[in-house]
Amino acid sequence: MKFFLRRSIAGALAAIVLCCGCAYNGAKRMMPEESGAIAEQGNAESADRTGKSAAKPWQYADIAMGTVVQQTIYAKDETAAADFSGKAMEMLARLEREEISWRLDTSEVYRANGAAGSKEGVLLSEDMAALLENCQELWERSEGAFDVTLGAVTRLWDIDKWAAGETVEGFLPPAEETLAQALDTCGSQKMLLVWEAPAAEASSAGNPTRLFLPEGTQLDLGAVGKGFAMEKLCSLLAEHPHVTGAVISLGGSILTYGSKPDDSPWRVGIVNPFDTSASIGILTLEGQWCISTSGDYERYVDLDGVRYHHILDPKTGSPAVSDVRGVTVLMKDSLLSDGLSTACYILGPEKGMTLAEQYGAEVLFVMADGKLEMSDGMEQYFKRL
Ligand code: AMP
Ligand code: MG
């Protein structure tokens, strides 16, 4: 039985930020493979509309939320850039630790999973309550394709282990019966979110919501965590007026913000699923955008000619069988761009575009035969290479 694990960092960075000959002048930590994820396209950037050359940004690369975080920061000076970058990394680490990790016993998701089956349920932070409400709505609108209650099933496939790049020696797909049992615990209709009127003396607690999960039902926010993080990064950027422009890449999600000193647009490359070291096309964008990509080339195991990837079809509990190789969602709001790309991968172009439209999102599908399908609005931003 032959298998191999592949987790290329270039693949994890499903979209590539194209920067003009920018060196990692402020890099905290740089792994050799990461340099391959940034395409240096000097000529692309120097052809700005104003004729002015772009002042060079400060660049930082580090690890958070189990992925590579790359920050390209245009700021008043290096101190302002480094200050923002450090705060962003701290915030991402805190999000992981205190809110979304299912592994760390310090997180809300861990506590919610631990309280599954209890009568008391668990009191949620406002942020988490809003996130789960949005996830439940996306589950409904995607006809169940997107489901954050797949935790019991994702654990069986051990998807996070692959993502961490650990050895998967002895990998075998879960037995059918075990999978069926785990699948019984899934379904976002099982998440009961109950708003509790705050006691008068505790009104500062905001809008408390309690989550009840049935026994065995487990949350996995792997498909939305980076969107959640991008939303927080937008708020953090707004608190840092000395940062005038930024592109922050978190694994498969990228946030563009503000502008460059020469007002030339952001150029974001979309990874070619057939050659993850290259871009299949470029998005040209102005101002704030969120770009999320999901694909079967990001995390997977090939075993006996079958690709077991990390996007599961909630109908079967197994990796979604699809003609799609990769999906990129482009939208102004960050929270759900990540969730939408996962949902669209499973739904395919027809249903995926209808879903994306409901959220005002543009979407691009790279199909297994190499063809591209995209929403009408995407055409003004995307250019195939
Ligand atoms: P993404 O890379 O954003 O598409 O998210 C994939 C991750 O989301 C996986 O590694 C799982 O943790 C989780 N996941 C897999 N399938 C689904 C699904 N159908 N709905 C929601 N989350 C999923
Ligand atoms: Mg996603």
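Each ligand, and each atom within it, is numbered from 1 in the order the structure gives. FYI, the numbering just counts along the sequence from 1.
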Next on the checklist: Tell me the angle that O of A223 and OD1 of D338 form around the Mg ion (ligand 2), rounded to 10°.
Outcome noted: 70°
Identify, by atom number and element, the atoms of ligand 1 in contact range of [X], meaning under 4.0 Å from any of its heavy atoms.
X    : result
P314 : 19 (N)
I346 : 19 (N)
S294 : 1 (P), 3 (O), 4 (O)
E298 : 2 (O)
L150 : 16 (N), 17 (C), 18 (C), 19 (N), 20 (N)
T342 : 1 (P), 3 (O), 4 (O), 5 (O)
D220 : 11 (C), 12 (O)
A145 : 18 (C), 19 (N), 20 (N)

Next on the checklist: Treating S334 as the side-chain partner and E231 as the backbone partner, does any N or O pair qualify as donor plus acceptor under 3.5 Å?
Outcome noted: yes
Checklist entry - Got a donor-acceptor contact below 3.5 angstrom from the S341 side chain to the V329 backbone? => result no
Checklist outcome for this item: Heavy-atom closest pair (P261 atom, Y74 atom, distance to 0.1 Å) is CD-CD2, 3.2 Å
For ligand 1, is there an N or O atom under 3.5 Å from any N or O atom of [X]?
X    : value
D338 : yes
H310 : yes
V148 : no
T293 : no

Next on the checklist: Going by the closest heavy atom to atom 8 (O) of ligand 1, which one wins out of A223, G144, G227, G251?
Outcome noted: A223
Got a sec: does the [atom1] of [X] have more than 12 other heavy atoms crowding it under 6.0 Å?
X    : atom1 : answer
D275 : CG    : yes
E357 : CD    : no
K315 : NZ    : no

Next on the checklist: When you measure from the Mg ion (ligand 2) to the N, O or S atoms of S341, does any of those distances fall below 2.8 Å?
Outcome noted: no
Next on the checklist: Can you tell whether the side chains of K232 and D127 come within less than 4.0 Å, N to carboxylate O?
Outcome noted: yes
Checklist outcome for this item: Test side chain to side chain contact (heavy atoms under 4.5 Å, CB included), reference K226, set S292, S253, C290, output is S253
Checklist entry - Will you find, in the side chains of T149 and T217, an N or O donor that is under 3.5 Å from an N or O acceptor? => result no
Item to check | Heavy-atom check, side chain of L211 versus side chain of M128, under 4.5 Å | outcome: no
